[in-house]
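Scroll down for the structure; my scribbles are underneath it.
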Amino acid sequence: MGRKLDLSGLSDNEAEHVLQVVQRDMRLRKKEEERLSELKQELDEEGSRCLLLSRQSCFNQRCCIRCCSPFTFLLNPKRQCHDCHYNVCKACRVFNKRDKAWLCSACQKSRKPVEVQ
């Protein structure tokens, strides 16, 4: 990143265009850094909340660790997240076809690859 560009061989229009591209790149990088920072904070907060709830005796056997909704046999069955091993309800999980396993919403977000814009 610390390299200097020699723009002396470019016309004013070309140099202006290069400057606009570099400025756009900087804005996109900053936006992506902010997005990743917010995601990290959200996942950290979720992890702290789950840790507190999991310390309650049998809480996760009766209620979803993510949204605290109670499990029911037919309407809202519990499934164990493949990554964190907490029980989650149907609203807080997705099925990962590659692993053939359930993932909670937080673990799914942490697995999500960085999207390039």
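FYI, side chains are in, hydrogens and waters are out, and symmetry mates aren't considered; it's all heavy atoms of this structure. Just so it is clear, the structure is predicted and the values come from calculations on it, not from any experiment.
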Under the side chain to side chain contact (heavy atoms under 4.5 Å, CB included) criterion, do N87 and I65 qualify, and how do the steps go?
-> CA-CA 6 Å; N87 292 318; I65 198 75; over 6 Å; no
Remaining members of L19's ILVMFWY cluster at a side-chain heavy-atom cut-off under 4.5 Å?
->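 Cluster partners of L19: none, it stands alone.
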Output the rest of the hydrophobic cluster of V21: all Ile, Leu, Val, Met, Phe, Trp and Tyr residues reachable through side-chain heavy-atom contacts under 4.5 Å, sorted by chain and number.
->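 Members other than V21 - counting any ILVMFWY side chain reachable under 4.5 Å - there are none.
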Can you sort out the partners of E34 under salt bridge (Lys or Arg N to Asp or Glu O under 4.0 Å), two or more places apart, ordered by chain and number?
->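 Applying salt bridge (Lys or Arg N to Asp or Glu O under 4.0 Å) to E34 gives K30.
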salt_bridge(E32, R35) N-O dist < 4.0 Å =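 Judged by the 4.0 Å cut-off on N to carboxylate O distance, E32 and R35 do form a salt bridge.
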In the structure I gave you, are the side-chain heavy atoms of [X] and [Y] within less than 4.5 Å of one another anywhere?
X    : Y    : result
H85  : C107 : no
C104 : C92  : no
W102 : N96  : no
R79  : F95  : no
V22  : M26  : yes

Closest heavy-atom contact between C64 and C89?
->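 Closest approach of C64 to C89, heavy atoms only: SG-N, 3.4 Å.
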Of all residues at least two apart in sequence or in a different chain, which pass the side chain to side chain donor-acceptor pair (under 3.5 Å) check with [X]?
X   : result
S69 : N76
E14 : S11
E33 : none
D99 : R111

Sort and list the pairs that fulfil salt bridge (Lys or Arg N to Asp or Glu O under 4.0 Å) and have at least one residue in residues 84-98, not counting sequence neighbours.
->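 Qualifying pairs, neighbours excluded: none.
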Is K78 reaching over with its side chain to a backbone N or O of Q61, donor-acceptor style, under 3.5 angstrom?
->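 At least one qualifying donor-acceptor pair exists.
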